[in-house]
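Each remark here refers to the structure printed beneath this line.
Numbered from 1 within each chain, the chains take letters A, B, ... in sequence-line order.
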Amino acid sequence: MADEKYYVTTPIYYVNDKPHIGHAYTTILADVLARYHRLLGIPTYFLTGTDEHGQKVQQAAEKNGLMPQQQCDQTVVRFQELWKRLEITHDDFIRTTEPRHKVIVQEVLQDLFDRDEIYRADYQGWYCVGCERFFVEKDLVEGNCPECGRKADAIQETNYFFRMSNYQDWLIDYIETHPEFIQPDFRANETLGFLKTKKLQDLCISRPKARLAWGIDLPFDSDFVTYVWFDALLNYITAIGYRRDDVQFNQWWPATHQLIGKDILTTHTVYWPTMLKAMGVPLPKTVFAHGWWLTGRTKMSKSLGNVVNPMEMADRFGVDAFRYFLIAEMTVGQDASFTEEAFVRRYNSDLANDLGNLLSRTVNMLGRYCDGKFPGLGKDALSGAPEKELWAAVQSAVAEMESSIDTMRLNSGLTAVLTAVRKVNQYFEIKQPWTQAKEGKTEAVGITLALAAESLRVCSALLYPVMPEKMSELRSVFGLGKPVLSQLKTFGVIKSGTPVGSPGILFPRVELNNAEATPLPPQPKKEKRGEGAASAKNMSIEPEKPEGIITYDEVMNVKLRTAKVLAAERVEGADKLLKLKIEIGEEKRQLIAGIALYYEPERVIGKTIVVVANLKSAKIRGIESQGMLLCASVGDRLTLITVDEELPSSGAVVK
RNA sequence: GGCUGGGUAGCUCAGUUGGUCAGAGCAGCGGAAUCAUAAUCCGCGGGUCGGCGGUUCAAGUCCGCCCCCAGCCA
C-alpha cells in the first residue's frame with residue numbers, strides 16, 4: 001500500500017435506469033474497497049452519482065408531464081435510497097445536472113475549442129422521421145432504419161468533434177508502458193487489440209438541440225448540447241474540484257481505482273484517457289472492469305424473467321449477507337452467476353454454519369464456564385502448539401486480506417478469513433473446552449475460549465468492510481467498537497473481565513423456498529445408526545409422498561410455453577430431425593425435433609405448439625436445440641400438441 | 001470473419017519461472033463428538049488436467065495442429 005491516498009469511483013448511473021444488481025455490485029465493491037482503505041488508515045474518497053442528461057430523460061419527462069429536471073429529481077431518489085439501504089458510504093454523490101458540474105464541463109469545452117482540440121464539421125447522415133433518430137451509413141439495414149425498418153432520409157448535419165484520433169499512438173504507448181492502467185490485464189489486450197488494428201476516429205461530442213434539448217449547452221455554439229461522454233466522464237474530476245478547488249483536486253486526483261462494468265471499457269480506456277490527455281490532466285492509476293452477474297447460465301434479462309432485484313435480496317436475506325455473497329462469489333474480472341441456490345448454499349455454509357455458529361458456541365461456553373466474563377490471557381497463552389498454529393492462521397488471513405485488496409482479489413481474501421474461522425472450529429475440537437471444564441481445568445478452558453474470542457475479534461475486523469452491521473453486532477459481544485488496523489496484528493486486545501454479551505443468532509440458517517429456484521436433486525437420507533423409528537429424523541418437514549407422484553411445485557418447475565413455428569427445415573444427414581425456428585413471446589429460438597418422419601417442414605410452419613422453455617440447451621447433430629416440443633405418440637403415430645384456439649401472441653404460460 | 005482468453009474431481013474454481021501439481025471449497029459417503037444455529041470435527045476422490053502429435057531425463061505447466069466455449073471489434 002504505497003499510496004498516500006485512495007480515491008475510488010463508480011460510473012455515474014443513468015438516472016432513468018431502474019437500479020439492478022449490476023449497479024448494486026459495482027457500488028458495493030467500491031464501498032468495500034473504500035472501507036478497507038479507511039480501515040488501513042489511508043485517506044479515502046469514494047464517489048458515485050448519476051448521469052442525468054439525454055434523450056431518455058427528456059422523453060420520460062414529456063410522458064409524465066414534467067420538466068426534465070423534475071423528472072431527474074424524482075428518479076435519482078431510487079439510487080440514493082438503494083445506497084442507503086445497502087450501507088454504502090460514499091463521500092459524494094454527483095449529479096450531472098448540478099451547476100458545479102455543468103460550469104466546469106463548459107469551461108473544459110471552451111478551453112479545448114480555443115485550442116482547436118474540438119472542431120466543427122458538416123457531414124452526411126441518415127434520419128428516420130418515425131423514430132426521430134439519426135444514423136450513420138453503416139447503422140442502416142439495407143438502407144432502412146435499424147429500429148423500425150422504414151426508409152431513412154439522407155440529411156446533412158453539423159456537429160462538433162474532439163480530435164481523439166490525434167492521440168491513438170500516444171494511447172497505445174501509454175497502455176503498453178502502464179500495465180496497471182487497465183485491469184484485469186486481458187481487458188488491456190482488448191483495448192489494444194482494436195487500437196492497433198483500426199484507425200481511431202474523432203469523437204462526436206455534440207447534438208443539435210433540434211434533436212436533443214436536454215443537455216449542457218456548448219459554450220461556443222448555443223444551438224448544440226454536449227453529448228453523453230464529454231458530459232458524463234468529466235464527473236470524476238468535477239466532483240473533486242477540478243478548476244475550482246486545486247487543493248481538493250490535487251489531494252484526490254489521479255483516481256486510484258475507477259470501477260466500471262466491462263460494457264463501458266472503451267469509453268473509459270479510450271475516450272476518457274484521450275480527453276484527459278488533451279486537457280493536460282494525468283490519467284487515473286487504474287480503470288478496473290469487472291464482469292457481469294448472470295443468473296444460472298443466461299445473462300440477466302427482463303424477458304427471461306430472472307432478474308434478481310437487489311432490494312428484494314437484501315430484504316430477504318439481509319444486506320450484509322447479500323454484500324458478502326456478491327464479493328465472495330465474483331472472481332476478478334470474470335462473470336459470476338447469481339442463483340438463489342448458490343446464495344443459500346454459501347450463506348448457510350460460510351455465514352451460518354462456520355462463522356455464526358462459531359460465535360454461538362464460543363459465547364455459550366464463555367457464559368457457561370467463565371461466568372460470562374472474558375477470562376483474559378496470560379503472557380504464555382500462545383505457548384502451546386495448537387495455539388501457535390491457530391494464531392498463525394489468523395495472521396495469515398490478515399496478510400492475505402491486505403494483499404488481496406491491492407490486487408482486487410477480495411474473494412480470495414474472504415476465503416482466507418473463512419479458513420481462519422474454520423481453524424477456530426478445529427481448535428475447539430482439539431482442545432475440547434467442554435471436556436476441560438468437566439475435568440475442572442478452569443485455566444485451560446479460559447485460554448481456549450479467550451483465544452477463540454481473540455480470533456473472532458480479528459476475523460470480524462477483516463470482514464467488517466464487507467458486513468459492517470453484522471460485524472458490529474459480533475464485536476459488541478466482546479465490547480469492541482470499530483476495528484482498528486493496529487489491533488489486527490496484536491494479540492490480547494479484549495480486556496480481561498469484559499462481560500460477554502448475548503448476540504442471538506447472527507446468521508440464521510435459511511432454507512431454499514422459492515419456487516423459481518431449481519430445487520437440489522433429492523438426496524437419499526440415510527438413517528443414522530442407533531436411531532429408532534421415533535427419532536427426530538422421521539419427523540421431517542417433508543411429508544411422505546407416494547412413489548411416482550410429484551408435487552405442484554415440481555410441476556411448476558417445468559416452464560411450458562406456447563410457441564409459434566416461424567420456419568422449419570430438414571436437418572441434413574438426419575432423416576428424423578427437423579430444425580425449427582420458433583418464437584416464444586418476444587424471444588426467438590431454434591430447436592431440433594425428431595418429428596421429420598411424421599411432419600413435412602411446410603406442415604409445421606405457422607402452428608402454435610407447446611414447448612419446454614427452461615430445458616437446458618443441447619447439441620443435436622452439432623446443432624443447438626434450445627428447448628423441447630411436446631407431442632403425443634402411440635405406436636407409429638405421432639401428433640404435435642397444439643392449442644385449441646389461437647391466442648393473440650405466443651409465449652403464453654401453459655398450466 | 002479478425003483478435004483475445006479459457007477448457008483441471010458431480011458443481012465453482014486454485015495451480016507462480018516444466019520436476020511431491022494432481023489440489024481447495026461446496027455437494028456425496030462413512031465415522032467421532034455433544035459447547036453450538038439439525039451446527040462442528042475426522043476419514044474417503046481409479047479426474048485420459050479438451051483431443052492428437054512434438055520438445056525434454058521430466059509437461060495441466062513449453063511448441064504445433066484440431067475440437068469446443070466465452071469476450072472484444074467504438
task = Assign A:R346 to base, sugar-phosphate, or nothing according to its heavy-atom contacts below 4.0 angstrom with the strands shown.
result = nothing
task = Evaluate the ring planes of A:Y347 and A:F317, with Trp represented by its six-membered ring, and classify them as parallel (under 30°), tilted (30 to 60°) or perpendicular (over 60°).
result = tilted
inquiry  = Given B:rA74, B:rG71, B:rG5, identify the nucleotide with an atom nearest to the side chain of A:R187.
reply    = B:rG71
key: Residue mapping more 5' on RNA chain B - nearest nucleotide basis, A:M164 or A:L358   = A:L358
task = Provide the distance between the two C1' atoms, one in B:rC26 and one in B:rC62, to the nearest whole Å.
result = 34 Å
query = Under 4.0 Å: is that the gap between some side-chain N or O of A:R368 and OP1 or OP2 of B:rA36?
reply = yes
request  = Could you tell me whether A:D354 contacts a base, only the sugar-phosphate backbone, or nothing, with contacts defined as non-hydrogen atoms closer than 4.0 Å?
outcome  = sugar-phosphate
task = Ignoring backbone atoms, establish whether A:Q201 has a side-chain N or O less than 4.0 Å from OP1 or OP2 of B:rA74.
result = no
query = A:N425 side chain N/O closer than 4.0 Å to the phosphate oxygens (OP1, OP2) of B:rA39?
reply = no
message = Applying a 4.0 Å non-hydrogen cut-off, can you work out what A:I430 is touching in the nucleic acid: base, sugar-phosphate, or nothing?
response = nothing
message = Quick check on B:rG60: syn or anti? Syn means the glycosidic torsion is within 90 degrees of zero.
response = syn
request  = Could you check if a side-chain atom of A:T267 sits within less than 4.5 angstrom of a side-chain atom of A:W272, using non-hydrogen atoms only?
outcome  = no
ask   = Toward the 5' end of RNA chain B, which comes first, A:S360 or A:E429, by nearest nucleotide?
value = A:S360
inquiry  = Taking any heavy-atom pair under 4.0 Å as a contact, classify A:K431: base, sugar-phosphate, or nothing.
reply    = nothing
inquiry  = Only pairs with both distances under 3.5 Å count, Watson-Crick or wobble alike; so what is the partner of B:rU40 in this structure?
reply    = B:rA32
request  = Can you tell me, in whole Å, how much space there is between the P of B:rU40 and that of B:rC72?
outcome  = 40 Å
remark   = When rounded to whole Å, the CD to C1' distance for the pair A:E400 and B:rU16 reads 14 Å
request  = For B:rG23 versus B:rG15, give the span between their C1' atoms, rounded off to a whole number of Å.
outcome  = 7 Å
message = Quick check for you: among B:rC35, B:rA39, B:rU37, whose closest atom lies nearest to any side-chain atom of A:I505?
response = B:rU37
message = If you only use heavy atoms from C-beta on, which nucleotide in B:rU4, B:rU34, B:rG25 is closest to the side chain of A:R422?
response = B:rG25
query = Taking atom P of B:rA74 as reference, at what distance in whole Å does atom CD1 of A:I205 sit?
reply = 21 Å
note = Between A:L462 and the options A:M401, A:E402, A:M471, the side-chain contact (heavy atoms from CB on, under 4.5 Å) test singles out A:M401
key: Complementary nucleotide of B:rG45, counting Watson-Crick and G-U pairs under 3.5 Å   = none
message = Any side-chain to backbone donor/acceptor pair from A:E443 onto A:K441? Under 3.5 Å, distance only.
response = no
inquiry  = Return the CD1 to CZ distance between A:I494 and A:F374, rounded to the nearest 0.5 Å.
reply    = 4.0 Å
Donor-acceptor pair (no angle test) under 3.5 Å: A:N357 side chain, B:rA36 base = yes
inquiry  = For B:rC35 and A:N364 - does any side-chain N or O of the residue sit under 4.0 Å from the phosphate oxygens OP1/OP2?
reply    = no
ask   = Is a donor on one side and an acceptor on the other found under 3.5 Å between the side chain of A:N235 and the backbone of A:T96?
value = no
ask   = What distance, rounded to whole Å, do you find between the two C1' atoms, one in B:rG28 and one in B:rG64?
value = 41 Å
request  = Could you please name the partner base of B:rA70, counting Watson-Crick and G-U wobble pairs only when both distances are under 3.5 Å?
outcome  = B:rU4
key: B:rG7 and B:rA14, which share atom name C1', separated by this distance in whole Å   = 15 Å
Distance between P atoms of B:rC13 and B:rG19 (Å, rounded) = 25 Å
query = Rounded to whole angstroms, how far apart are CZ on A:R409 and P on B:rA14?
reply = 8 Å
inquiry  = Please determine whether a side-chain nitrogen or oxygen atom of A:R509 lies at a distance below 4.0 Å from atom OP1 or OP2 of B:rA39.
reply    = yes
request  = Could you check which of B:rC26, B:rC35, B:rU4 has an atom nearest any side-chain atom of A:S349?
outcome  = B:rC26
ask   = Under 4.0 angstrom, heavy atoms only, what part of the nucleic acid is A:Y369 near: base, sugar-phosphate, or nothing?
value = sugar-phosphate
ask   = Short question: side chain of A:R475, backbone of A:R457 - any donor-acceptor pair under 3.5 Å?
value = yes
key: Nucleotide B:rA32, atom P - distance to CH2 of A:W434 in whole Å   = 16 Å
message = Check this for me: A:E176, atom CD, are more than 12 non-hydrogen atoms of other residues, nucleotides or ligands nearer than 6.0 Å?
response = yes
message = Only pairs with both distances under 3.5 Å count, Watson-Crick or wobble alike; so what is the partner of B:rG23 in this structure?
response = B:rC13
request  = Rounded to whole angstrom, note down the P distance from B:rU8 over to B:rU61.
outcome  = 13 Å
key: Rounded distance in Å between the P positions of B:rU4 and B:rA9   = 27 Å
